Each structure stands twice: as structure tokens, then as C-alpha cells.
Amino acid sequence: MGELGAFLKIDRLASVQRDPRERVSDYREFVTPVADAELQAQGARCMDCGVPFCHNGCPLGNLIPDWNDLVYRGRWKEAIAQLHATNNFPDFTGRACPAPCEPACVMEIREGEAVTIKQIEHAIIDHAWKEGWVKPQPPRIETGHRVAVIGSGPAGLAAAQQLRRAGHGVVIFERDEAPGGLLRFGIPDFKIEKTVVQRRVQQLIDEGVELRCGVDIGRDGPVTDLLKGFDATVLATGSRVPRDLPVEGRDLGGIHLAMDYLYQRNRWVAGQQGPEPTMPAPPRPSEPINASEKHVVVIGGGDTGADCVGNALREGAASVTQLELLPLPPPQRPDDRTPWPLWPDKFRLSYAMQEARELGRGEQDYSIATTHFIGAAGAVSGLCFSRAESTVPFAPVAGTERELRADLVLLAMGFLHPEPQLLDDLGVAKDPRGNVKTTPPYSTSVKGVFAAGDAHRGQSLIVWAINEGRQCARMVDRYLTGRSYSEPAHTGNVEPADEGPEGPPEHVSYGITTRD
């Protein structure tokens, strides 16, 4: 793989980003393309390591060394064939995935030296779109079966595409005015522009997938009526019940859940730079949220919190403070807790906090427990907090109480489980965490009803969602046809001599295999 010994001669090239002071003035993607020659050099660094642990780090089982080598050799069209063999939407993962494959890279045994897998993946798919290699792949046969997919996030889109390419009629139901789920309404355009999502949606439409937006299954009519005529149903509704902060003063004005804010910002950006949905947004109970010239506090240190910080800065917030309950992670991989090739529990400065620091308008703190909110005239004016203990339950430490000014508070503390109403209406069993219980894999307690993505596994990564959508499609196809699932498109093999068993390797996750 790659150039013999190149990993000893060529340094890792980190992703190239626009200057933080410049990019906060717009909503365009801040990661910039890298020249082909540089990418080929990075592909050359992929060593013939014998056991490619990057496969273990990637939930999709991406054929990473193969397409790294193809990029090194300038064989871009074959590289996209390999990439599409395991991943329906590398344009999504190349932008929004945290790349667990890179910490698992053998090169990462020497911390900070991993092959730039995500950067190469991003380049391959952008190259493919530019050259016109990404085309609709309608099925060669029609099975006559119809499948309803509820939810159009990455899990739902992946399941729908795989099922359609296998010849089934597929209808996606989406309660919002446009498909994409949190890809469209949660993640900001400066991380993934919505034209990237829309072109994939159009590919599904061109393959024969039917989209019904603005339909909230379970609320817009009886579930049995809305799903009448379908032979199977896939639940891909995500994990959308947020973790709240039930402390004194929570009911004050100006305290909002992160997704209420991010949905508003993404809809505003769509109106400014497109693509605008073709139908109006459903009515929302939340009041308008504006961060302009306000002192903003974001509670939650994850990606959702960072996206709130990035949006608030672009709105012109006076200051942004991000608070995290957990302790500050160490600067390097802690081998005693997360040894290679596990995902390292270490500090990573987010893109948003980098922007805040460059502008001198933000800070971040760890081990902070918010005890109550204070306000005036019904609106929040600040919060009281204490240092938190370093172990569960992270209780406030007596004698460390302080106050922090806050004109706007955004709660970004993650999600608990899928919204229960639809699950209860369908009668599907739930696990102790409130997620859809599936036994065998992806099959719910109700015959013909399946589940994938966050609704099934809980809040997780986009790469897991796509994997679950693909594997769920296998189970649905087997249920409908009684046959072993055969990959409807190419397998990624680029030479006849490379041909092996039909379809890509089946990925094993958390001790459960999808084999019969």
C-alpha cells in the first residue's frame, strides 16, 4: 500500500481551514480543499501494515488502505468505487464524521502521525462529483414490495437507498419541510453546506425513492392509516428527546434547548443562501432566539455545543462561554484508559472555540455544575455554578459557588432516547434506556417493523447511522424476499482478479453479526 517507506519521509498534513477571523463573517464551509499532489502524498503514507486497524475503527468497515493506495496512484475513479462499496454518503462522513478510523491507524501508535483518512475521503467524493462519476443507480428489477422509512437522517437515507437499489418501492416520511434530519437542520452550513445534502437527496429521487415531507407519522393521523399498504417499516427517527437541566429558574425566558436554536439558524441560512425547502416549515412552539450582542452561555461541551458557539459568534454575540460538567481531558492519549487503537479520551479544541479565542469573545471551562438560574422580569440574567466533583455524580463542591452573566442560555447536553409516541403507537418494545429493542438485529418486537440508527442504538455518530441503515436494509430485504441479501451495486473491486464473495464484507458490531 502506498509508497514503500513514505510514512518515514512525508509528514502528516492536517486539514486546511480558513482563518477563524475571516470565516465567522459567513456560513460557508471552513475546511478548504487540498491540492491533488498533496493528497497523493498523504495517500502514500498509508503503510502496508498487515492488519489495518483503521477497519476496526470505522463502523462502516471502509476499505481505507485500498482507496488510500488508489489516490496515491492517481486512480480516482477506482477510489470512489471502493469508497462507495461500503459508504453511501462519503460526502457526509468526509465532513461531519469525527473519523474514529484515524486514532485506530497503525501510524497513530506514534501519536499525531495517523494517515489523514478523513481528508482523503473528502477529496475522493468531491473529485467524483466534479467529474460526474456519481450517478443514480435505479434497480434492474422491481420486487413489488413496498417499504416505509420513517425519518430522513443518514440512517433513513442509507436504508432507503439500499432497499430501493434492491428493487423495493420505498417511501420516506419526514416531518420537517426537507429531508436530511440533523444533517440539514442541526449541523451548520459552515460544517456541511446543504447543497451537499440536497444533491444526495436528488440522487435518491432519481433512483425512484418517494419523499413525503411535512408528514409527522403518529400525529398527522393514525399510524395504521398512514402506513397502510406497506410490507415493512423502518424506524429511523433518531434520538431526539434532549437531556434537560431541571434546576431552579429553568422556566425563565432566554433558556433554550440547543436544537431549537440550531433549527432556527439553519432555516435562516437556507433562506439567505439556499437551498430553500419547497414547502413551509411546520409550526414550532419555540420563540425566536437571537444571540446578537448578548452574553451567551452554552451548557454542554460536545459537538452540538460547539455548533451553538459557532452560530452565536456569527450572529455577533458579545461573548460566548461554554461549560462542561465533566473534567478537562488530558492533552495526550491516556494509555491507561483508552490505549491505541481505542478512541482516545483527550482534549480537542473545537473549531468554534478556536474562533471564539481568536476573536477574544469566548472561553471554555470544565468541571462546572450549574446549580440554578437567576433572572429579572421573567428573563434569565445569569446562572450560579460550582466546581463539580471529578467522579459520578459530579456533585457541586461546597464553597466554590460563583455567578456568571447570561442573556441567553443554550442547553446542549445530549439526547436520551427517541421520542416515545410513535414507538408506543406501533407497540414496539423498548430497552431500559428507551431505545427501540431489536432481536434479532434491527428487527423489533412487531413483525415487519425494523429500526436503525440513533433510534436503535442511542445518540451516536453519523458513520454509525449509515452503517445501521445499510445493515437494517439487509434484514428488511431478507424478511421481504427470504433470500440472502446481494449487494445491488458494485462491490468496490477494481480488477476481475479481485472478485470475491458477492457483496462487501459484513461488518460485526458489539458482538452481533448480521450473518444468518
Side-chain angles (χ1 to χ4, degrees), residues 1-18 31-87 90-91 93-95 97-131 133 331-333 335 338-344 346 348 463 491-495 497-498 500 504-505:
M1 296 298 171
E3 179 185 330
L4 185 63
F7 63 93
L8 298 173
K9 300 178 289 184
I10 301 172
D11 293 332
R12 172 185 166 95
L13 175 66
S15 65
V16 180
Q17 301 180 1
R18 295 160 57 200
V31 176
T32 60
V34 177
D36 287 357
E38 290 281 4
L39 288 164
Q40 288 178 266
Q42 293 300 302
R45 296 183 70 245
C46 186
M47 57 191 290
D48 188 6
C49 55
V51 178
F53 280 83
C54 55
H55 286 195
N56 181 69
C58 176
L60 280 164
N62 278 337
L63 309 174
I64 295 165
D66 301 69
W67 39 260
N68 278 343
D69 181 63
L70 290 167
V71 166
Y72 160 61
R73 301 180 190 283
R75 296 163 63 180
W76 292 90
K77 191 170 185 179
E78 293 163 320
I80 189 58
Q82 294 278 31
L83 187 48
H84 271 152
T86 56
N87 186 351
D91 24 11
T93 54
R95 290 168 167 84
C97 178
C101 52
E102 292 192 17
C105 173
V106 172
M107 290 283 291
E108 186 62 14
I109 293 175
R110 185 174 175 179
E111 193 169 358
E113 294 295 322
V115 174
T116 54
I117 299 168
K118 179 177 177 179
Q119 185 184 78
I120 295 172
E121 177 186 34
H122 188 165
I124 292 171
I125 184 58
D126 281 2
H127 214 95
W129 279 107
K130 181 180 178 182
E131 296 295 332
W133 297 332
Q332 279 83 40
R333 176 194 289 272
D335 287 333
T338 53
W340 177 88
L342 301 180
W343 176 262
K346 68 178 184 179
R348 297 171 180 83
V463 69
T491 66
N493 296 324
V494 297
E495 300 290 347
D498 293 335

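All values below come from the heavy atoms of this structure, side chains included, with hydrogens, waters and symmetry mates left out. Along the sequence shown, the residues carry numbers beginning at 1. Note that this is a predicted model, so its numbers are computed, not measured.
Trp76 is not listed as a side-chain neighbour of Leu70, based on a closest heavy-atom distance of 4.5 Å or more. Contact annotation: the side chain of Pro90 approaches that of Thr93 to within less than 4.5 Å [non-hydrogen atoms, C-beta and beyond]. Counting heavy atoms from C-beta on, the side chains of Arg333 and Pro103 come closer than 4.5 Å. The closest side-chain heavy-atom distance from Ile64 to Cys101 is below 4.5 Å. In this structure, Arg95 and Val31 have side chains that are not in contact, with every pair of non-hydrogen atoms separated by 4.5 Å or more. Looking at Pro59 and Pro100, their side chains come closer than 4.5 Å, going by heavy atoms from C-beta outward. Counting only heavy atoms from C-beta outward, the side chains of Ile80 and Glu131 never approach each other to under 4.5 Å.
With sequence neighbours excluded, no residue forms a side-chain hydrogen bond (donor to acceptor under 3.5 Å, both in side chains) with His127. By the salt bridge (charged side-chain N to carboxylate O under 4.0 Å, His left out) test, Arg348 is found to be paired with no residue, residues two or more places apart in sequence or in another chain being considered.
Under the 3.5 Å distance criterion, the side-chain polar atoms of Gln42 are matched with a main-chain donor or acceptor of Leu13. Thr32 contributes a side-chain N or O that, together with a main-chain N or O of Val16, makes up a donor-acceptor pair within less than 3.5 Å. When atom types are taken as modelled, the side chain of Glu102 and the backbone of Lys118 share a donor-acceptor pair closer than 3.5 angstrom. Between the side chain of Arg12 and the main chain of Glu113, no donor-acceptor pair closer than 3.5 Å is present. Without hydrogens or angle criteria, Trp67 side chain to Ala81 main chain gives no donor-acceptor distance under 3.5 Å.
Annotation for Glu121 and Asn87: closest pair OE2-ND2, 3.2 Å, computed over non-hydrogen atoms. Between Ile120 and Val71, the closest heavy-atom pair is CG2-CG2, 3.9 Å. Closest approach of Ile125 and His84 over heavy atoms only: CD1-NE2, 3.9 Å. Of all non-hydrogen atoms in Ala6 and Ala44, the two that sit nearest each other are CB-O, 3.3 Å. Of all heavy-atom pairs spanning Gly74 and Gln40, the tightest one is N-NE2, 3.5 Å. Nearest approach of Trp340 to Val106, heavy atoms of both residues: CZ2-CA, 3.7 Å.
Asn68 contributes atom CG, which lies 7.5 Å from atom OG1 of Thr116 (distance to the nearest 0.5 angstrom). Considering CD1 of Ile124 and CG of Leu83, their distance stands at 5.5 Å, rounded to 0.5 Å. Separation of atoms CD1 (Ile109) and SG (Cys49) is listed at 9.0 Å; rounding is to 0.5 Å. For the atom pair CD1 of Ile117 and NE2 of His122, the computed distance is 16.0 Å after rounding to the nearest 0.5 Å. Atom CG in Asp69 sits 7.5 Å away from atom CZ in Arg75 (nearest 0.5 Å).
Salt-bridge annotation for Glu111 and Lys346: present, with a side-chain N of the basic residue lying under 4.0 Å from a carboxylate O of the acidic one.
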